[in-house]
Amino acid sequence: MRILAFDTATRATTIAVSGTAQGVFESRDDPAPGERPGHVARLLPLIVEVMERAQLGFADLDRIAVGVGPGTFTGLRIGIATARALASAAACQLVGVSTLRSLALPAADSSEAAGADAVAAILDARRQEVFAAVWRLDGVEAVAPHAVGPQELAGSLRETRLRLLAVGDGAVEFRGVLERSGALIPPDESALHRVTAAAHLRLAEQLSPADPDQVQPQYLRLPDVREPSFHPAAGRP
């Protein structure tokens, strides 16, 4: 199956294509600390680049897989809108992939998971919160995706009584708190902390295609910026 997968739920833009005789082709953009995410400027050029390297046209695709988060409002809207447009233009199937589930997948197969019972996928949600979920090594969900403060997460991880490998930029950001809960966290530079579209490809093969309108972002919390409310007494929003 020829699948194009990409994710813009985090600061990174990650793209991968499978189904060629040469295997999987990947590309990504990781903004430097302090830089804004480059989803708008980089997503489509990176998709074209990867498709050209794989020597595929969009009409050759069987399926497009897009990360549905949780993540940033802007990033998710860009990714999902792009996926819907490309799937419509290419007349191919569309599936939504959990960004947290994709993050956990390579970690479960890694040598770092030796001795662990489960993987906690943890993304930095800003505002002193994380997006987190836990899957056992056999793929069974142990803790559903949710937004939570790091201290509360550490307590809930301890209560699972599972030996946990924790990965993701949220695990790096709140390493001290989470390690005190007993979680094992790979070194900061480990590739296991990065969301990768290559893992989306593996999950996408197992999913049933959806109506494009059913592929919705998994926000888990209200946006950072909201429309101002109108207060009649003040006369202004």
Side-chain angles (χ1 to χ4, degrees), residues 1-20 22-31 35-103 105 121 123 125-126 131 145 194-227:
M1 184 181 293
R2 291 174 174 173
I3 304 175
L4 166 66
F6 50 90
D7 193 290
T8 53
T10 68
R11 287 172 45 80
T13 304
T14 173
I15 299 96
V17 173
S18 65
T20 71
Q22 294 77 29
V24 173
F25 291 83
E26 297 181 71
S27 189
R28 63 183 298 121
D29 176 67
D30 290 284
E35 288 185 354
R36 296 179 63 85
H39 305 316
V40 172
R42 300 295 293 145
L43 178 58
L44 281 175
L46 286 174
I47 289 173
V48 171
E49 173 205 317
V50 171
M51 293 288 288
E52 289 178 347
R53 286 167 49 203
Q55 297 183 339
L56 292 176
F58 288 100
D60 298 320
L61 295 173
D62 299 302
R63 181 170 291 187
I64 291 175
V66 61
V68 295
T72 66
F73 262 63
T74 301
L76 288 173
R77 286 186 295 180
I78 291 169
I80 292 174
T82 301
R84 287 175 175 170
L86 290 177
S88 175
C92 66
Q93 299 172 349
L94 178 63
V95 295
V97 175
S98 164
T99 302
L100 285 175
R101 182 71 187 98
S102 179
L103 175 62
L105 193 62
L123 292 173
R126 310 302 176 192
F131 300 123
R194 302 195 309 181
V195 172
T196 171
H200 285 32
L201 295 172
R202 294 171 56 188
L203 292 171
E205 291 180 349
Q206 306 164 18
L207 296 172
S208 299
D211 182 283
D213 290 337
Q214 294 178 338
V215 177
Q216 296 287 340
Q218 187 178 37
Y219 290 130
L220 296 188
R221 72 177 187 191
L222 294 174
D224 292 334
V225 179
R226 308 179 198 175
E227 293 293 328

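Note that the CG atom of L201 and the CE atom of M1 stand 11.0 Å from one another [nearest 0.5 Å]. Taken to the nearest 0.5 Å, the CG atom of L220 stands 10.0 Å off from the CG atom of L123. To the nearest 0.5 Å, atom CD1 of residue I80 and atom CZ of residue F6 are 9.5 Å apart. In this structure, I15 CD1 and D29 CG are separated by 8.0 Å, a value rounded to the nearest 0.5 Å. T74 OG1 to R36 CZ: the interatomic distance, rounded to the nearest 0.5 Å, is 8.0 Å. With rounding to the nearest 0.5 angstrom, the CZ atom of F25 is 8.0 Å from the CG atom of L56.
The two residues S102 and A199 make their nearest non-hydrogen contact at OG-CB, 3.2 Å. Nearest heavy atom pair, residue A16 against residue A198, reads CB-N, 3.7 Å. Between G67 and L76 the shortest heavy-atom distance is O-CD2, 3.9 Å. The minimum heavy-atom distance between D30 and A12, with the atom names listed, is OD1-CB, 3.3 Å. Between G69 and A9, the shortest heavy-atom distance links the atoms CA-CB, 3.9 Å. What you find for A121 and L103 is that their closest heavy atoms are CB-CD2, 3.9 Å.
Within the 4.5 Å cutoff, no side-chain heavy atoms of V95 are placed close to those of I3. The shortest side-chain heavy-atom distance between H200 and L105 does not fall under the 4.5 Å cut-off. Considering only heavy atoms from C-beta on, T13 stays 4.5 Å or farther from P37 through its side chain.
Within the structure, no pair that satisfies the salt bridge (charged side-chain N to carboxylate O under 4.0 Å, His left out) test touches residues 58-74, not counting sequence neighbours.
Side chain of Q216 to backbone of D213: a donor-acceptor contact under 3.5 angstrom is found. A donor-acceptor contact shorter than 3.5 Å links the side chain of R53 to the backbone of E26. Checking side-chain atoms of S88 against main-chain N and O of R84 turns up no donor-acceptor pair under 3.5 Å. Panel note: side chain R221, backbone A125; a donor-acceptor pair is recorded below 3.5 Å. A donor-acceptor pair under 3.5 Å is absent between the side-chain atoms of T14 and the main chain of R28, judged by distance alone.
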Please report the C-alpha distance between I47 and F58 in whole Å, then the side-chain angles of each, then the deciding distance to 0.1 Å, and finally whether the side-chain contact (heavy atoms from CB on, under 4.5 Å) criterion is met. CA-CA 10 Å; I47 289 173; F58 288 100; 3.8 Å; yes
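Remark: A87 pairs with I64, C92, L94 by the side-chain contact (heavy atoms from CB on, under 4.5 Å) rule, at least two apart or across chains.
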